[in-house]
Novice: 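There's a structure below that I have some questions on.
Residue numbers count from 1 along this sequence. Order of appearance sets the numbers: ligands from 1, and atoms from 1 within every ligand.
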Amino acid sequence: MTQLDSQDVLARVAAVIESRKPAAGGDAAASYVAKLFSKGTDAILKKVGEEATELVMAAKDGDAQKIVYETADLWFHSMIALAQFGLTPADVIRELARREGLSGLQEFAQRPENRGG
Ligand SMILES: N=c1c2ncn([C@@H]3O[C@H](COP(=O)(O)OP(=O)(O)OP(=O)(O)O)[C@@H](O)[C@H]3O)c2ncn1[C@@H]1O[C@H](COP(=O)(O)O)[C@@H](O)[C@H]1O
């Protein structure tokens, strides 16, 4: 059985997504991801929007199992969007790591547009 380490899971799924790109020989007839790549950026972004909405609806229902299911759909489709732009989960994890320990309120106040003067 494969190990349940979150970074490993994300990296493995990202590698499969990468292998489904047209340039890597992804077959739209045999693969959901290849089919979505073949439809292009707008179709990928539309799925991200749909999955985000489905997550909101699940949360409004307060159904924990559905929230997990829809969050997985959202993360998965976000990973396809990242891949479409040549990015990986590691790029997002690096950004989260950079923000670790920095209060959101402090970070917001430090933004050039919020400094005033
Ligand atoms: N994690 C997922 C995953 N999560 C969700 N989905 C698919 O995402 C699709 C969209 O979900 P929806 O609920 O929106 O279904 P839908 O409304 O019928 O979809 P649309 O026809 O409107 O796009 C469904 O077909 C799900 O099966 C996934 N498909 C694939 N993966 C991973 O991607 C790998 C590669 O998949 P293939 O490219 O299909 O081989 C798999 O081995 C998995 O690890």
Novice: Taking only residues at least two apart or on different chains, which pairs with a member in residues 32-82 satisfy ring-ring contact (aromatic ring centres under 6.0 Å, His included)?
Specialist: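 For residues 32-82: Tyr32-His77.
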Novice: Apply side chain to side chain contact (heavy atoms under 4.5 Å, CB included) to residues Asp8 and Arg12 and explain how you reach the verdict.
Specialist: CA-CA 6 Å; Asp8 287 352; Arg12 279 198 300 271; 3.8 Å; yes
Novice: What is the nearest protein non-hydrogen atom to atom 38 (O) of ligand 1, stated with its residue, atom name and distance?
Specialist: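 Nearest neighbour among protein heavy atoms for atom 38 (O) of ligand 1, to 0.1 Å: Ser31 OG, 2.5 Å.
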Novice: Can you check atom 21 (O) of ligand 1: any protein non-hydrogen atom closer than 4.0 Å?
Specialist: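 There is no protein heavy atom less than 4.0 Å from atom 21 (O) of ligand 1.
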Novice: Of all the non-hydrogen atoms in the protein, which one sits nearest to atom 14 (O) of ligand 1, and at what distance?
Specialist: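 The protein heavy atom lying closest is Lys47 NZ, 2.6 Å.
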Novice: Using 0.5 Å steps for rounding, measure from the OG atom of Ser38 to the CG atom of Asp27.
Specialist: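 Those atoms lie 10.0 Å apart.
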Novice: Quick one: look up the protein heavy atom nearest atom 11 (O) of ligand 1 and list residue, atom name and how far away it is.
Specialist: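 Residue, atom and distance for the closest contact: Glu51 OE2, 3.9 Å.
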Novice: Heavy atoms only: give me the nearest Gly26-Ala34 pair and the separation to one decimal.
Specialist: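 Looking at all heavy atoms of both residues, the closest pair is C-CB, 3.8 Å.
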Novice: I need the nearest protein heavy-atom contact for atom 41 (C) of ligand 1: residue, atom name and distance, please.
Specialist: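 Ranked first by proximity to atom 41 (C) of ligand 1 is Val16 CG1, 4.9 Å.
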Novice: What residue and atom, counting heavy atoms only, is the protein's closest point to atom 24 (C) of ligand 1, and at what distance?
Specialist: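 For atom 24 (C) of ligand 1, the nearest protein heavy atom is Tyr32 CE1, 4.3 Å.
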Novice: For the CZ atom of Arg20 and the CG atom of Leu36, what is their distance to the nearest 0.5 Å?
Specialist: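 Nearest 0.5 Å value for the CZ-CG distance: 13.0 Å.
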Novice: Taking it one step at a time, do Ile80 and Val33 satisfy side chain to side chain contact (heavy atoms under 4.5 Å, CB included)?
Specialist: CA-CA 8 Å; Ile80 299 176; Val33 180; 4.2 Å; yes
Novice: Within the 4.5 Å heavy-atom criterion, are Leu10 and Ile93 side-chain neighbours or not?
Specialist: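 When only atoms from C-beta onward are counted, Ile93 and Leu10 do touch, with a gap below 4.5 Å.
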Novice: Would you say Glu50 contacts ligand 1, with heavy atoms under 4.0 Å as the rule?
Specialist: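 Under 4.0 Å: no for Glu50.
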Novice: Taking the side chain as everything from C-beta on, heavy atoms only, tell me whether Val48 gets closer than 4.5 Å to Leu74.
Specialist: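 Yes, close enough: below the 4.5 Å cut-off.
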Novice: Quick test: of every protein heavy atom, which one is nearest to atom 40 (O) of ligand 1, and how far off is it to 0.1 Å?
Specialist: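 Atom 40 (O) of ligand 1 sits closest to the protein heavy atom Arg20 NH2, 2.8 Å.
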Novice: Any protein heavy atom at under 4.0 Å, with atom 30 (C) of ligand 1 as the reference point?
Specialist: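 Yes; the ligand atom in question has protein heavy-atom contact below 4.0 Å.
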Novice: Considering both backbone and side-chain atoms of Val33, is one of its nitrogen or oxygen atoms within less than 3.5 Å of a nitrogen or oxygen in ligand 1?
Specialist: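 In this structure, Val33 places an N or O atom under 3.5 Å from an N or O of ligand 1.
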Novice: Considering non-hydrogen atoms of the protein only, which is the closest contact for atom 1 (N) of ligand 1, and what is the distance?
Specialist: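 Answer for atom 1 (N) of ligand 1: Phe76 CD1, 3.4 Å.
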Novice: Provide, to 0.1 Å, the distance between atom 13 (O) of ligand 1 and the closest protein heavy atom, together with that atom's residue and name.
Specialist: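 Here the closest protein heavy atom is Asp73 OD2, 4.1 Å.
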